[in-house]
Amino acid sequence: MFVKEKLIRFQHCDPAGIVFFPHYFVLLQELIEDWFTEGIGQSYAEFVKQQGMGLPMVKVECEFLAPNSIGDILALNLSVRRIGNSSIVLSVRGIARGADSLRATLTVVHASLRDLRPVRVPDGLRSAIERFMRP
């Protein structure tokens, strides 16, 4: 499992003082990039800029279980549920103040940014991703 802590900032919050839900999707994208760079060990920026590849989200299911507010530390736990030919299903659990804040299932596709088409996950990358498979 890959874990990344995110500080909830003023910019994330709405007038009610809690995270405005679209900001969670930005945090989830940041989590994927951090997982790729720090967990898999390949720079996501190089993956995009030099290799012309990406991992766009094609399906997102998200449950908001408890609100988060400024100053919360949101621990995002990412694991891999399934790897297909070009798709990868990720599970994310968000925890703050000892309680679950959100649960999400993200389907991303290993895709060429040149022609916006799915590309088979190469064996080396597949091996690195498999280290984060849920038992």
Side-chain angles (χ1 to χ4, degrees):
M1 180 180 313
F2 177 77
V3 179
K4 186 71 176 186
E5 291 185 342
K6 296 287 188 173
L7 173 64
I8 300 302
R9 300 175 183 276
F10 179 80
Q11 71 182 7
H12 298 121
C13 299
D14 62 17
I18 60 175
V19 174
F20 182 45
F21 71 92
H23 287 287
Y24 283 113
F25 295 103
V26 174
L27 292 168
L28 291 171
Q29 177 60 35
E30 289 177 2
L31 175 65
I32 291 170
E33 293 180 31
D34 293 340
W35 166 63
F36 204 83
T37 300
E38 299 168 22
I40 291 175
Q42 181 177 347
S43 165
Y44 192 78
E46 289 178 12
F47 181 66
V48 170
K49 292 191 312 186
Q50 294 172 354
Q51 296 180 35
M53 301 300 293
L55 293 173
M57 287 186 228
V58 297
K59 183 177 180 183
V60 178
E61 295 178 34
C62 193
E63 295 177 88
F64 303 103
L65 305 169
N68 295 115
S69 60
I70 187 171
D72 282 353
I73 302 295
L74 181 62
L76 295 170
N77 304 302
L78 180 148
S79 60
V80 176
R81 185 179 290 175
R82 186 181 70 75
I83 305 172
N85 188 42
S86 60
S87 66
I88 305 160
V89 180
L90 306 171
S91 290
V92 177
R93 180 178 174 211
I95 304 166
R97 294 177 270 86
D100 284 358
S101 295
L102 79 136
R103 264 187 241 122
T105 302
L106 314 171
T107 303
V108 298
V109 173
H110 182 255
S112 166
L113 299 178
R114 291 178 188 93
D115 60 8
L116 303 177
R117 307 288 284 174
V119 175
R120 185 183 180 287
V121 177
D123 293 338
L125 180 56
R126 182 178 298 273
S127 294
I129 291 170
E130 286 173 346
R131 293 192 335 255
F132 296 91
M133 292 285 291
R134 287 191 340 192

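Applying the ring pair (Phe, Tyr, Trp, His ring centres under 6.0 Å) definition to pairs two or more places apart or across chains, none involves residues 67-95. Identified under the salt bridge (Lys or Arg N to Asp or Glu O under 4.0 Å) test for residues 70-80, with sequence neighbours left out: D72-R97. Sorted by first and then second residue, the ring pair (Phe, Tyr, Trp, His ring centres under 6.0 Å) pairs with a member in residues 43-62 read F36-Y44, F36-F47, Y44-F47, F47-H110; sequence neighbours excluded. Pairs engaging residues 10-22 under the side chain to side chain donor-acceptor pair (under 3.5 Å) rule: none recorded [sequence neighbours left out]. Pairs engaging residues 37-62 under the salt bridge (Lys or Arg N to Asp or Glu O under 4.0 Å) rule: K4-E38, K59-E61 [sequence neighbours left out].
Atom NZ of K6 is separated from atom NE2 of H23 by 14.0 Å, given to the nearest 0.5 angstrom. Here the OG atom belonging to S43 is positioned 9.0 Å from the CD atom belonging to Q51, to the nearest 0.5 angstrom. With rounding to the nearest 0.5 angstrom, the CG atom of L102 is 6.0 Å from the CG atom of L28. Distance check, rounded to the nearest 0.5 Å: OH of Y24 to CG of N68 gives 3.5 Å. Note that CZ of F10 is 12.5 Å distant from OG of S69, once rounded to the nearest 0.5 Å. A distance of 10.0 Å separates CG in L125 from CG in D123, rounded to the nearest 0.5 Å.
Take D115 and apply the side chain to side chain contact (heavy atoms under 4.5 Å, CB included) test, not counting sequence neighbours, and it matches S112, R117. With sequence neighbours excluded, the residues satisfying side chain to side chain contact (heavy atoms under 4.5 Å, CB included) with E5 are I73, A75. Applying the salt bridge (Lys or Arg N to Asp or Glu O under 4.0 Å) rule to R82 yields no partners; only residues at least two apart in sequence or on another chain are considered. Taking A99 as the reference, nothing meets the side chain to side chain contact (heavy atoms under 4.5 Å, CB included) condition, with sequence neighbours excluded. In this structure, the side chain to side chain contact (heavy atoms under 4.5 Å, CB included) partners of M133, at least two apart in sequence or on a different chain, are V80, I83, E130.
Looking at F64 and V19, their side chains never come closer than 4.5 Å, going by heavy atoms from C-beta outward. For the pair Q42 and T37, the minimum side-chain heavy-atom distance is 4.5 Å or more.
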| said: If you apply the rule side chain to side chain contact (heavy atoms under 4.5 Å, CB included), what do you find for D100 with R93, and how did you get there? | reply: CA-CA 7 Å; D100 284 358; R93 180 178 174 211; 2.8 Å; yes

| task | Could you check L31 against F2 for side chain to side chain contact (heavy atoms under 4.5 Å, CB included), going step by step and ending with a plain yes or no? | result | CA-CA 9 Å; L31 175 65; F2 177 77; 3.9 Å; yes

| said: Quick one, I8 with L27, criterion side chain to side chain contact (heavy atoms under 4.5 Å, CB included). Give me CA distance, side-chain angles, the key distance, then yes/no. | reply: CA-CA 10 Å; I8 300 302; L27 292 168; 4.1 Å; yes

| request: Walk me through it: do V92 and N77 pass the test side chain to side chain contact (heavy atoms under 4.5 Å, CB included)? | output: CA-CA 5 Å; V92 177; N77 304 302; over 6 Å; no

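In this structure, V119 is a member of the same hydrophobic cluster as L90, with clusters built from ILVMFWY side-chain heavy atoms closer than 4.5 Å. W35 and V48 fall within a single hydrophobic cluster, where Ile, Leu, Val, Met, Phe, Trp and Tyr are joined by side-chain heavy atoms under 4.5 Å apart, directly or via other members. L65 and F20 fall into different hydrophobic clusters, defined by Ile, Leu, Val, Met, Phe, Trp and Tyr side-chain heavy atoms under 4.5 Å apart, directly or through other members. Note: the hydrophobic cluster containing F21 does not contain I70 (ILVMFWY, side chain heavy atoms under 4.5 Å, direct or indirect links).
Checking each of L55, I32, V109, L106 against I88 for a side chain to side chain contact (heavy atoms under 4.5 Å, CB included) leaves exactly one that passes, namely L55.
Hydrophobic cluster membership for M1: V3 (Ile, Leu, Val, Met, Phe, Trp, Tyr linked by side-chain heavy atoms under 4.5 Å, directly or transitively). Taking Ile, Leu, Val, Met, Phe, Trp and Tyr as members and joining any whose side-chain heavy atoms lie under 4.5 Å apart, directly or through other members, I95 forms no hydrophobic cluster with any other residue.
In terms of heavy atoms, R134 sits closest to S91 at NH1-OG, 3.1 Å. Minimum heavy-atom separation, S87 to T107: CB-CG2, 4.3 Å. Heavy atoms only, all atoms of each residue included: P118 and S86 are closest at CB-OG, 3.5 Å. Nearest heavy-atom pair across I18 and P67 is CG2-CB, 3.7 Å.
Shown here is F25, whose CZ atom has more than 12 heavy atoms of other residues, nucleotides or ligands within 6.0 Å. More than 12 heavy atoms of other residues, nucleotides or ligands lie within 6.0 Å of CZ in R131, so this atom counts as buried by the packing criterion.
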